[in-house]
Colleague: 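One structure, pasted below without further comment.
Throughout, protein chains are lettered first and strands after them, A, B, ... in sequence-line order, and every chain is numbered starting at 1.
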There are 2 protein chains.
Amino acid sequence: MKKQAAQGRDENGRRASAGDRQASLIAAAASLFAAKGFNGTTTKEIAKAVGVSEALVFKYFPTKRTLYAAILAEKVTVNELLDAVEAAVTKRDDHRVFTMIASYRIRPGVDSTFLRLLLFSALEGHELSELFFGKHHKVFYDYLAAYIRTRIEDGAFRSVDPLLAARAFIGMVVHHRLLHEIFGVPMLQSHEATVATYVDLFLAGLTKLPVSRKSSSRRSR
Amino acid sequence: MKKQAAQGRDENGRRASAGDRQASLIAAAASLFAAKGFNGTTTKEIAKAVGVSEALVFKYFPTKRTLYAAILAEKVTVNELLDAVEAAVTKRDDHRVFTMIASYRIRPGVDSTFLRLLLFSALEGHELSELFFGKHHKVFYDYLAAYIRTRIEDGAFRSVDPLLAARAFIGMVVHHRLLHEIFGVPMLQSHEATVATYVDLFLAGLTKLPVSRKSSSRRSR
DNA sequence: TTTAAGTGAGTGAGGACTTACTTACCATGA
DNA sequence: TCATGGTAAGTAAGTCCTCACTCACTTAAA
């Protein structure tokens, strides 16, 4: 008699392949770590989330940390965006460039676990946090900064530190997500409307007046 | 023979008073929680940091959570700033208002533990996090938003959602701190210079052109 | 002498990780 | 077409350790 037969099976009642198991363990662990932090999550919980014995977790990942590392390694995929923006960049379409970056950065959904994971890893001081940050976050600053620099050289933007300006802009956007996703602050408007306002505000502050040469703070075109 | 006599003593070799002990426990716990999170910190560590037995910690705080709550309760002191800004507000000195708020928000030092604590409590989902956020953070948004609103009514600022604008500005500033204090990203310039740039950028985007009356956001959509 | 400050040595619960074992899968050759 | 064995997937039931919290007690001070 198979008293407790169909436990660690996939949806067809068959044994899962190593790859699948690994993937679903990573997925489950990611969402648990994101929800409760590394220290706040137990290996037993992870196993249970996948419907598998705790021991199996350790068959795939020798330690809990290894599992954590696997998550971070997996979660590195940014370049889709940068490709998408490319067109707008060559056309010098400021509005579009900023809007696209902001939308991407602000978009909820799929990886709202992402931000939490990033924060947790930074706060808990995991070694991989830097890699994580570098590969996933830093790209944006550098990319946007480069664009701002060329626009300054074009004479279209005022002369500011490009990296600082990039951080300022991304700061607005990321902070918005933070408020919403971490602190549960209700949104005032739709994502789109918010992005539009931010982009508008920021570009107005950055764009050079075409005719006037009043040196300091004025707004744009 | 007093084999291990002078253990839980204060600097004079005397027994500490209840109040002092409580305070130093709170202080030690705050910095440990900030560094490693609630789950990542043990009561033994806290005791050791104060140079006292673990048992004593529980004489003062019945549970670890109580201690945590005590920290959050203690850390609520914002109004100093708001008083200081008041003068600038009545004079409608935009630049000064924004600079003061940003400087306050960005200043490192004393409570750099603060931001970490706030983030940890939010991430780990402590009940008090909301209170913490509300009492310490929200104030800024509301205060700044109110100012922006009056300036819009004055006709000095463009017509934007005041709360959204306030969040955008504080977002820039807080994000800057975050990068620096949590992610260890090196600063590009001094705090003052950074604040100056941010304020300049933001006010430029917000201020209405004195002569033109071009109504809404140019180059939109 | 009372009372508060302080402690060493627990306790039980739970967490990361092991061990020794069972089952399903499937490739092979008889 | 099967027995059949090698192997990977899977598990129950630990081990050992750490952690939050307790207990029974000692010491200092007023």
Side-chain angles (χ1 to χ4, degrees), chain A residues 1-29 32-33 35-71 120 124 126, chain B residues 1-26 28-29 32-33 35-71 124 126:
Chain A
M1 179 192 183
K2 301 171 174 187
K3 39 180 179 170
Q4 33 62 271
Q7 250 166 0
R9 303 305 146 78
D10 67 5
E11 56 289 350
N12 303 323
R14 302 173 60 81
R15 278 175 181 233
S17 77
D20 294 353
R21 266 288 119 84
Q22 205 150 334
S24 53
L25 280 170
I26 287 178
L32 282 168
F33 286 157
K36 321 178 10 167
F38 182 79
N39 291 321
T41 305
T42 71
T43 49
K44 191 175 261 167
E45 284 175 310
I46 296 168
K48 195 160 153 197
V50 178
V52 120
S53 74
E54 196 184 357
L56 194 64
V57 175
F58 289 94
K59 274 255 162 76
Y60 287 100
F61 302 96
T63 67
K64 191 183 171 191
R65 285 198 92 80
T66 313
L67 176 51
Y68 187 77
I71 294 169
F120 259 126
E124 291 180 332
H126 295 282
Chain B
M1 179 194 183
K2 303 173 175 188
K3 40 181 179 169
Q4 34 61 274
Q7 251 166 358
R9 303 303 145 78
D10 68 5
E11 56 287 350
N12 303 324
R14 301 172 62 82
R15 278 174 180 235
S17 77
D20 295 352
R21 267 288 121 85
Q22 205 150 336
S24 53
L25 280 170
I26 288 178
L32 283 168
F33 286 157
K36 319 174 18 164
F38 182 79
N39 290 322
T41 304
T42 70
T43 49
K44 190 176 262 168
E45 285 176 310
I46 296 167
K48 195 161 154 197
V50 177
V52 120
S53 74
E54 198 183 354
L56 193 64
V57 174
F58 290 93
K59 275 259 160 77
Y60 287 101
F61 302 95
T63 68
K64 191 184 171 190
R65 286 197 91 81
T66 313
L67 176 51
Y68 187 76
I71 294 170
E124 291 181 331
H126 295 281

Colleague: How long is the line joining CG of A/L32 and C1' of C/dG15, in whole Å?
Modeller: 15 Å
Colleague: Could you please name the option among D/dC23, C/dC17, D/dA20 that lies closest to any side-chain atom of B/K64?
Modeller: D/dA20
Colleague: Measure from CG on B/N39 to P on C/dG15 and round the result to the nearest Å.
Modeller: 11 Å
Colleague: At 4.0 Å (heavy atoms only), tell me whether A/T41 reaches a base, stays on the sugar-phosphate, or touches nothing.
Modeller: sugar-phosphate
Colleague: Taking only the side-chain nitrogens and oxygens of A/R21, find out if one of them lies under 4.0 Å from OP1 or OP2 of D/dG10.
Modeller: yes
Colleague: Grab the NZ-P distance between A/K48 and C/dG15 for me, whole Å please.
Modeller: 11 Å
Colleague: Looking for any heavy atom pair under 4.0 Å, which part of the strands does A/F61 touch: base, sugar-phosphate only, or nothing?
Modeller: nothing
Colleague: Grab the CZ-C1' distance between B/F38 and D/dC19 for me, whole Å please.
Modeller: 12 Å
Colleague: Taking atom C1' of C/dG15 as reference, at what distance in whole Å does atom NZ of A/K36 sit?
Modeller: 13 Å
Colleague: Identify whether any heavy atom of A/T42 sits under 4.0 Å from a base atom; if not, whether one sits that close to sugar-phosphate; answer base, sugar-phosphate or nothing.
Modeller: sugar-phosphate
Colleague: What nucleotide, of D/dG10, D/dT22, C/dA5, holds the atom closest to the side chain of A/L56?
Modeller: D/dG10
Colleague: Would you mind telling me which of D/dT11, C/dT7, D/dG10 lies closest to the side-chain atoms of B/V52?
Modeller: C/dT7
Colleague: Enter the distance from B/L32:CG to B/T43:OG1 here, rounded to the nearest 0.5 Å.
Modeller: 11.0 Å
Colleague: Nearest-Å distance, CZ (A/R65) to P (C/dG15)?
Modeller: 18 Å
Colleague: Say you draw a straight line from OG1 of A/T66 to CD1 of A/I71; how long is it, rounded to the nearest 0.5 Å?
Modeller: 11.0 Å
Colleague: Roughly how far apart are B/Y60 OH and B/I26 CD1, rounded to 0.5 Å?
Modeller: 11.5 Å
Colleague: Does any donor-acceptor pair link the side chain of B/K59 with the base of C/dG6 at a separation under 3.5 Å?
Modeller: yes
Colleague: Please state how far atom CD1 in B/I46 lies from atom C1' in D/dT18, giving the value in whole angstrom units.
Modeller: 15 Å
Colleague: Quick check for you: among D/dT22, C/dA16, D/dA9, whose closest atom lies nearest to any side-chain atom of A/T43?
Modeller: C/dA16
Colleague: Show your reasoning for whether side-chain contact (heavy atoms from CB on, under 4.5 Å) applies to A/F33 and A/I46.
Modeller: CA-CA 9 Å; A/F33 286 157; A/I46 296 168; 4.0 Å; yes
Colleague: Would you indicate which nucleotide in C/dC17, D/dA9, D/dA20 comes nearest to any side-chain atom of A/Y60?
Modeller: D/dA9
Colleague: Of the listed nucleotides (D/dC21, C/dA16, D/dA9), which one gets closest to any side-chain atom of A/E54?
Modeller: C/dA16
Colleague: To the nearest 0.5 Å, what is the distance between OG on A/S53 and NZ on A/K48?
Modeller: 13.5 Å
Colleague: Over how many whole Å does the gap from B/D20 atom CG to C/dA4 atom P extend?
Modeller: 17 Å
Colleague: Tell me whether the OP1 or OP2 atom of C/dG15 has a side-chain N or O from A/K44 closer than 4.0 Å.
Modeller: no
